[in-house]
Enquirer: 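Here it is: the structure, laid out below.
Numbers for residues simply follow the sequence, beginning at 1.
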Amino acid sequence: FSDVTTTTAAMSTLENLQRVTRVIMRTPKPVIAVIQGYALGAGCEWAMNCDLRLVAEGAKFGFPETKWGFTVTNAGTKLLPSIIGLGRAKEMVFCNRLIDAATALDWGLATQLVPENMLDEALDTLIKKLTSNSTLALGLSKQALNQGLTQSYENVLASELRDAAICAAAGEFEQRIAQGFKES
């Protein structure tokens with residue numbers, strides 16, 4: 001932001017960054033972040049926007065914004081506490097704490113930790129697992145999980161019933177049962 005000299009320009013830049021966040025979060029298919037090296041600020045926020053985070057050993061995560069006189073954006077203030085807990089989120093943001101990949105896995109910020117030289121293989125395996133599933137069911141599940149955090153139990157139950165009915169009407173469940181389940 002060194003070239004941003006006005007509030008209007010800063011807001012325009014942030015709105016463009018948040019467009020990326022909206023695309024990631026609204027995409028009906030699962031989005032995978034592959035992280036190696038440093039995921040700081042918006043990079044960490046965009047990783048959190050993703051559904052799954054495949055992380056190389058040696059990666060670091062953090063939010064240096066307050067040190068720079070700025071704040072967290074890109075839904076980071078919602079996602080970080082929901083993923084790692086409010087106390088840890090405050091420590092990371094207020095104290096500019098960097099966490100390593102093992103801590104990120106332990107706290108839920110990483111969903112899978114692999115040696116750096118195994119990232120491509122791990123990504124291929126993950127993609128195969130995802131693509132073997134129903135696209136419809138994945139999309140509905142992603143939406144339900146994202147919305148379920150803020151809905152009442154009654155609304156969640158109603159949404160689950162609606163989604164199950166949509167899947168049943170599509171007929172894919174019966175086709176997959178007839179083909180038999182395959183463990184992967």
Enquirer: Apply salt bridge (Lys or Arg N to Asp or Glu O under 4.0 Å) to Asp51 and list each qualifying residue two or more places apart in sequence or on a separate chain.
Expert: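 Once residues adjacent in sequence are excluded, the partners of Asp51 under the salt bridge (Lys or Arg N to Asp or Glu O under 4.0 Å) criterion are Lys142.
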
Enquirer: Any chance you could lay out the side chain to side chain contact (heavy atoms under 4.5 Å, CB included) test for Thr71 and Glu65, step after step, and finish with the verdict?
Expert: CA-CA 5 Å; Thr71 60; Glu65 286 88 342; 5.6 Å; no

Enquirer: For a 4.5 angstrom cut-off between non-hydrogen side-chain atoms, does Val93 reach Leu80?
Expert: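 With C-beta onward as the side chain, the pair touches.
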
Enquirer: Would you compute the distance between atom CG of Leu105 and atom CG of Leu113 and round it to the nearest 0.5 angstrom?
Expert: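 The CG atom of Leu113 is 5.5 Å from CG of Leu105, to the nearest 0.5 Å.
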
Enquirer: Could you tell me the separation between the CG atom of Asn96 and the CD atom of Glu91, rounded to the nearest 0.5 Å?
Expert: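 The CG atom of Asn96 sits 10.5 Å away from the CD atom of Glu91.
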
Enquirer: Answer whether the closest heavy-atom distance between the side chains of Asp124 and Glu121 falls below 4.5 Å.
Expert: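 They are not in contact (no side-chain heavy atoms under 4.5 Å apart), so the answer is no.
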
Enquirer: Between atom CD1 of Ile35 and atom OG1 of Thr111, what is the distance when rounded to the nearest 0.5 Å?
Expert: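 Rounded to the nearest 0.5 Å, the CD1-OG1 separation comes out at 8.0 Å.
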
Enquirer: When you measure from the side chain of Glu45 to the backbone of Thr73, do you find a donor-acceptor pair of N or O atoms at a distance under 3.5 Å?
Expert: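 Side chain of Glu45 to backbone of Thr73: a pair is present.
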
Enquirer: Do Ile127 and Leu54 share a hydrophobic cluster, counting only Ile, Leu, Val, Met, Phe, Trp and Tyr and linking them when any side-chain heavy atoms are less than 4.5 Å apart?
Expert: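 Yes, Ile127 connects to Leu54 through the hydrophobic network.
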
Enquirer: Find the distance between CD (Glu172) and CD1 (Ile166) and round it off to the nearest 0.5 Å.
Expert: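 So the CD of Glu172 and the CD1 of Ile166 are separated by 13.0 Å.
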
Enquirer: Report yes or no: do Val31 and Leu126 belong to one cluster of Ile/Leu/Val/Met/Phe/Trp/Tyr joined by side chain heavy-atom distances under 4.5 Å?
Expert: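 Not linked; separate clusters.
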
Enquirer: Answer yes if Trp46 and Val23 sit in the same cluster of Ile, Leu, Val, Met, Phe, Trp and Tyr residues linked by side chain heavy atoms under 4.5 Å apart, and no otherwise.
Expert: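 The answer is no; the residues belong to distinct hydrophobic clusters.
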
Enquirer: Donor-acceptor check, side chain of Ser159 to backbone of Ala144, threshold 3.5 angstrom: yes or no?
Expert: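 Answer holds: no.
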
Enquirer: Do the non-hydrogen side-chain atoms of Met25 and Leu79 ever get within less than 4.5 Å of each other?
Expert: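 In contact.
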
Enquirer: Apply side chain to side chain contact (heavy atoms under 4.5 Å, CB included) to residues Cys50 and Ile24 and explain how you reach the verdict.
Expert: CA-CA 6 Å; Cys50 295; Ile24 292 169; 4.1 Å; yes

Enquirer: Begin from the C-alpha positions of Glu116 and Gln36 and carry the test side chain to side chain contact (heavy atoms under 4.5 Å, CB included) through to its verdict.
Expert: CA-CA 7 Å; Glu116 190 166 352; Gln36 59 188 106; 2.7 Å; yes

Enquirer: For Asp106 and Thr103, what are the C-alpha separation, side-chain angles and deciding distance, and is it a side chain to side chain donor-acceptor pair (under 3.5 Å)?
Expert: CA-CA 5 Å; Asp106 184 49; Thr103 302; over 6 Å; no

Enquirer: Within a strict 4.5 Å, meaning less than it, do heavy atoms of the Arg176 and Ser134 side chains meet?
Expert: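 A side-chain contact exists here, since the closest heavy-atom pair is under 4.5 Å.
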
Enquirer: Phe70 versus Leu14: any side-chain heavy-atom pair under 4.5 Å?
Expert: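 Yes - at least one pair of side-chain heavy atoms lies under 4.5 Å apart.
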
Enquirer: Might you work through the side chain to side chain contact (heavy atoms under 4.5 Å, CB included) test for Asp163 and Glu160, ending with a clear yes or no?
Expert: CA-CA 5 Å; Asp163 292 348; Glu160 290 171 348; 5.8 Å; no

Enquirer: Determine whether more than 12 heavy atoms belonging to other residues, nucleotides or ligands lie under 6.0 Å from atom CG of Asn16.
Expert: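 More than 12 heavy atoms, drawn from other residues, nucleotides or ligands, come within 6.0 Å of this atom.
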
Enquirer: Can you find a pair of side-chain heavy atoms, one from Ile83 and one from Met48, that are under 4.5 Å apart?
Expert: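 With C-beta onward as the side chain, the pair touches.
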
Enquirer: Just wondering, are more than 12 heavy atoms of other shown residues or ligands nearer than 6.0 Å to CD in Glu154?
Expert: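 No, CD of Glu154 has 12 or fewer neighbouring heavy atoms, counting only those of other groups under 6.0 Å.
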
Enquirer: Applying the 4.5 Å side-chain criterion to the ILVMFWY set and letting contacts propagate, would Val55 and Val114 be lumped into a single cluster?
Expert: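 No.
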
Enquirer: Among the clusters formed by ILVMFWY side chains lying less than 4.5 Å apart, do Phe94 and Val72 turn up in the same one?
Expert: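 As far as the 4.5 Å side-chain criterion goes, Val72 and Phe94 are connected within one cluster.
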
Enquirer: Working to the nearest 0.5 angstrom, can you tell me the gap between Phe61 CZ and Leu98 CG?
Expert: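 Result: 11.0 Å between the selected atoms.
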
Enquirer: Return the CZ to NZ distance between Arg97 and Lys60, rounded to the nearest 0.5 Å.
Expert: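 So the CZ of Arg97 and the NZ of Lys60 are separated by 11.0 Å.
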
